[in-house]
Amino acid sequence: MKRVLSGIQPSGELHLGNYLGAINHWVQMQHTTDAFFCIVDLHAITVPKSPGELGRDSLKLSQMLMAAGLDPEVCTIFVQSHLHEHAECAWLMECTVSFGELSRMTQFKDKSEQHDFISAGLFTYPALQAADILLYDADEVPVGDDQRQHIELTRDIAERFNSRYGDTFVLPVAVINNTGARVMDLQHPHKKMSKSLESPRGTVGLLDTPAIITKKIKAAVTDSETEVRYDVETKPGVSNLLSILGAATQNDPAELAVRYEDYGTLKVDTAEAVIEMLRPLQARFAELEADPAETMRLLRIGADKARGVASATLARAKQNIGLLSP
Ligand code: TYM
């Protein structure tokens, strides 16, 4: 069975991009692979966080993942900081990646423009991400399109480590599904939908009520034409709606386009499809939210399973480097 690992940050509310780009693919993959899903709280503190917020967000994110259909009996769900192996292995990665490589990461460039205080951790973020992946000997990393560069760098790091110290890490590949890989902001369809608070009207939260979802989708920016056509370059707003509708209903966006004659009907159908897709997730989330102790119990089991794999890989890496064992 293929080994799969992916991660998600506990920062703010999950949105449609996270769901269509990543989580719904994870739900399918858990049955056919040996899958690990990590709530990457150490990545979340690369930008300032208020202490109370972080734990709450991690717990809520675990419940959201389970509500979306990740089953802790089928796959492994765990919190990154529950294992010391991730931070420890990240140091080995930092000593294997170059300053130049990290400087070329577009996510760093984007994020460093959004904050006054740019932590060293924000810069070395991809080294920690490489540790997350390589510790699990992951063959595949299912992500949205925005993570492609980080996974390519992870491969480069693994290759360099293996050539310096001998065969240690499995080289992972990014698995990026066509449907939902790049969900764009409804108000700014040239920018990806993201958790940043800058554009709340452009971001559909997974816990948004049907009324709010309808309002946001109806207000989505389109263009001054009237023809429904799937063309990401010249019609980004309309194409984004078609992509969302396509991902929510398992249809091809270009094929869907021919069924519509006006933007209004497309928006109504897209809103309806999103509401129906999220309805069971929202109901299940309400149940899970009522029992945090049970979620914590499941996360402890997840951390134990993850540690079993990660500690062996870390020991192998340290041995291959030639660190004196205690
Ligand atoms: P994060 O938390 O920003 O996003 C989690 C997942 O959601 C996908 N995603 C999107 N997909 C389509 N359209 C969008 N608008 C959109 N926004 C987000 C992301 O591609 C991602 O798959 N660095 C990672 C977290 C991470 C990780 C890892 C991922 C840490 N360690 C190891 C994979 C493997 C991140 O910030 O994702």
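Order of listing sets the numbers, starting from 1, for every ligand and every atom in it. In this chain, residues are counted from 1 in sequence order. Side chains included, hydrogens not; waters and symmetry mates left out as well; all remaining heavy atoms used.
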Would a hydrophobic clustering, with Ile, Leu, Val, Met, Phe, Trp and Tyr connected at side-chain separations under 4.5 Å, put L59 with F37?
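Shared cluster, yes.
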Is there a path from L206 to V274 through hydrophobic residues (I, L, V, M, F, W, Y) whose side chains come within less than 4.5 Å of each other?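 In one cluster with L206: V274, yes.
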Considering only the protein, which heavy-atom contact is closest to [atom], and what is its distance?
atom                    : answer
atom 2 (O) of ligand 1  : Q9 N, 2.9 Å
atom 28 (C) of ligand 1 : Q129 CG, 3.4 Å
atom 4 (O) of ligand 1  : N18 ND2, 3.3 Å
atom 19 (C) of ligand 1 : D146 OD1, 3.3 Å

State whether [X] and [Y] are salt-bridged, where the test is any N-O pair (Lys NZ or Arg NE/NH1/NH2 against Asp/Glu carboxylate O) under 4.0 Å.
X    : Y    : result
E53  : R56  : no
K235 : D223 : yes
K192 : D145 : no
E294 : R297 : yes
R3   : D34  : yes

> For ligand 1, does I133 get within less than 4.0 Å through its side chain, its backbone, both, or neither, judged by non-hydrogen atoms?
Replying inline: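 Side chain only.
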**Prompt:** Side chain, backbone, both or neither: which part of A181 comes within less than 4.0 Å of ligand 1 when only heavy atoms are counted?
**Reply:**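 Backbone only.
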State which residue, out of Q63, K60, E289, fulfils the side chain to side chain donor-acceptor pair (under 3.5 Å) condition with T295.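 Per the side chain to side chain donor-acceptor pair (under 3.5 Å) rule, the option paired with T295 is Q63, out of Q63, K60, E289.
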Q. Quick one: does Y125 get an N or O within less than 3.5 Å of an N or O on ligand 1?
A.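 Right, the criterion is met.
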Checklist entry - Does an N or O from V183, backbone or side chain, lie closer than 3.5 Å to an N or O of ligand 1? => result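 Yes; at least one N/O pair falls below 3.5 Å.
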Could you tell me, atom by atom, which parts of ligand 1 come under 4.0 Å of a heavy atom of [X]?
X    : result
D132 : 28 (C), 30 (C), 31 (N)
G144 : 11 (N), 19 (C), 20 (O), 22 (O)
G21  : 11 (N), 12 (C)
V141 : 33 (C), 34 (C)
V143 : 22 (O), 33 (C)
I8   : 2 (O), 5 (C)
M193 : 14 (C), 15 (N), 17 (N)
A22  : 6 (C), 7 (O), 22 (O)

Practice task
Could you check T33 against E140 for side-chain hydrogen bond (donor to acceptor under 3.5 Å, both in side chains), going step by step and ending with a plain yes or no?
Solution key: CA-CA 10 Å; T33 62; E140 294 185 350; over 6 Å; no
Item to complete: Say whether S6 and ligand 1 are in contact under the criterion: heavy-atom distance to a ligand atom below 4.0 Å.
Response: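 Yes, S6 has a heavy atom closer than 4.0 Å to ligand 1.
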Below 4.0 Å from any atom of ligand 1, is there a heavy atom belonging to M184?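 For ligand 1, residue contact (heavy atoms, under 4.0 Å) with M184 is absent.
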Among G180, G17, S194, closest by any non-hydrogen atom to atom 16 (C) of ligand 1: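 Considering heavy atoms of G180, G17, S194, the nearest to atom 16 (C) of ligand 1 sits in G17.
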- Message: For F36 and F78, take the angle between the two ring planes, folded into 0 to 90°, and tell me which bin it lands in: parallel under 30, tilted 30 to 60, perpendicular over 60.
- Response: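 Ring orientation of F36 relative to F78: perpendicular.
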**Prompt:** Is the distance between the ring centroids of H150 and F108 less than 6.0 Å?
**Reply:**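 No, ring centres 6.0 Å or more apart.
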Distance-only polar pair, side chains of D132 and Q80, donor-acceptor under 3.5 Å: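 There is such a pair between these side chains.
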